[in-house]
Asks: 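Input: one structure, supplied below.
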Amino acid sequence: APPAPRDLAMHAQMQPEEPGAGVTTIERVDKKAQLKDQFDKEKWWRVLLHNDDVHTFEYVTSCLTRVCPHLSRRKAYSITWEAHNSDQATVSCVWRTLAEQQCVKLQQLGLTTSVAPDSKFEGSKAADE
């Protein structure tokens, strides 16, 4: 096992014949650059609402407006209707972290939701860029 960081200097002094003894490389991770790289790889994610035969239109519409404040009741109802007729509908198209948060919140309210990369859809935002 490699020595613990605080023991590294002592280990290097005791083992001067080892190659690289006493030399420590510290790798800095630039979180901002890491997030940018991740965002550049897959910028947009969709939150998908899947049809179920359990919840009423009113309940689903209410859940959508509660979790996604950018949605009007009219738009939320339209999404609910689309999911009912087509088995799934796009609730929002946002960056991955937000998509996952919205998905989990809707699932906690009992709805069947998922996330998927927007690039997998025809007419995606990624295709427009």
Side-chain angles (χ1 to χ4, degrees):
R6 69 175 182 267
D7 300 329
L8 191 61
M10 188 157 80
H11 176 76
Q13 289 171 358
M14 292 171 56
Q15 306 290 333
E17 67 279 353
E18 284 187 17
V23 177
T24 304
T25 305
I26 297 173
E27 185 181 334
R28 266 185 205 264
V29 178
D30 186 350
K31 286 286 189 193
K32 203 172 192 179
Q34 229 176 16
L35 290 172
K36 184 184 181 320
D37 288 346
Q38 183 181 353
F39 183 76
D40 287 344
K41 285 179 191 162
E42 187 58 63
K43 294 181 181 180
W44 301 105
W45 285 72
R46 290 188 186 207
V47 177
L48 302 171
L49 172 67
H50 302 274
N51 186 40
D52 69 35
D53 295 326
V54 178
H55 301 97
T56 64
F57 273 51
E58 183 59 33
Y59 179 74
V60 175
T61 300
S62 173
C63 291
L64 292 177
T65 56
R66 196 175 333 160
V67 171
C68 306
H70 69 279
L71 291 177
S72 65
R73 286 197 62 74
R74 179 176 289 187
K75 179 65 179 167
Y77 185 85
S78 172
I79 292 167
T80 304
W81 187 252
E82 184 182 343
H84 177 73
N85 288 328
S86 306
D87 284 332
Q88 77 176 23
T90 298
V91 174
S92 62
C93 190
V94 293
W95 62 93
R96 185 177 184 167
T97 306
L98 183 56
E100 290 170 343
Q101 289 171 357
Q102 290 176 350
C103 182
V104 167
K105 286 178 183 175
L106 291 168
Q107 288 171 349
Q108 288 171 340
L109 293 169
L111 303 184
T112 306
T113 58
S114 62
V115 296
D118 181 55
S119 59
K120 305 286 185 221
F121 293 85
E122 191 175 320
S124 70
K125 286 186 178 189
D128 296 341
E129 294 176 344

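Predicted model only: the values in this text are computed from it and were never measured.
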Asks: Apply side-chain contact (heavy atoms from CB on, under 4.5 Å) to the pair Val47 and Leu106, showing each step before the final yes or no.
Replies: CA-CA 10 Å; Val47 177; Leu106 291 168; 4.2 Å; yes

Asks: Identify the two heavy atoms, one from Ser62 and one from Arg73, that lie closest to each other, and give their separation to 0.1 Å.
Replies: CA-NH1, 3.9 Å

Asks: So how far is it from Cys103 SG to Arg96 CZ, rounded to the nearest 0.5 Å?
Replies: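 Rounded to the nearest 0.5 Å, the SG-CZ separation comes out at 11.5 Å.
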
Asks: Mind listing the closest non-hydrogen atom pair of Leu111 and Cys63 along with its distance?
Replies: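 Minimum heavy-atom separation between Leu111 and Cys63: CD1-CB, 3.7 Å.
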
Asks: Taking all non-hydrogen atoms of both residues into account, name the closest pair between Trp45 and Ala99 and its distance.
Replies: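 Smallest heavy-atom distance, with atoms named: CB-CB, 3.8 Å.
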
Asks: When rounded to the nearest 0.5 angstrom, what distance separates CZ in Arg66 from NZ in Lys105?
Replies: 11.5 Å

Asks: Measure the NE2-CG distance between His84 and Leu49 for me, rounded to the nearest 0.5 Å.
Replies: 12.0 Å

Asks: Starting from the C-alpha separation in whole Å, work towards a yes-or-no answer on side-chain contact (heavy atoms from CB on, under 4.5 Å) for Leu109 and His55.
Replies: CA-CA 10 Å; Leu109 293 169; His55 301 97; over 6 Å; no

Asks: Atom SG of Cys93 and atom CG of Leu48: how far apart are they, to the nearest 0.5 Å?
Replies: 9.5 Å

Asks: Under 3.5 Å, is there a donor-acceptor pair between the side chain of Ser78 and the main chain of Arg74?
Replies: no

Asks: Whether the side chain of Ser86 engages the backbone of Ala83 through a donor-acceptor N/O pair (distance < 3.5 Å, no angle test) should be reported.
Replies: no

Asks: With side-chain contact (heavy atoms from CB on, under 4.5 Å) as the criterion, how do Thr113 and Val115 come out once you've worked through the C-alpha distance, each side chain's angles and the decisive distance to 0.1 Å?
Replies: CA-CA 7 Å; Thr113 58; Val115 296; over 6 Å; no

Asks: Can you measure from CZ (Phe57) to OH (Tyr77) and round to the nearest 0.5 angstrom?
Replies: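 Phe57 atom CZ to Tyr77 atom OH measures 5.5 Å (nearest 0.5 Å).
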
Asks: Please report the closest heavy-atom contact between Val54 and Asp52, naming both atoms and the distance.
Replies: N-OD1, 3.1 Å

Asks: Which heavy atom in His50 sits nearest to a heavy atom in Ser114, and how many Å separate them?
Replies: NE2-OG, 2.7 Å

Asks: I need the minimum non-hydrogen distance between Thr65 and Leu71, along with the two atoms involved.
Replies: CG2-O, 3.7 Å

Asks: Mind checking the CD-CD spacing from Gln102 to Glu100? Nearest 0.5 Å is all I need.
Replies: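 Reported to 0.5 Å precision, the distance equals 11.0 Å.
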
Asks: I'd like to know if Tyr59 and Val91 are part of one continuous hydrophobic network [Ile/Leu/Val/Met/Phe/Trp/Tyr, side-chain heavy atoms within less than 4.5 Å].
Replies: yes

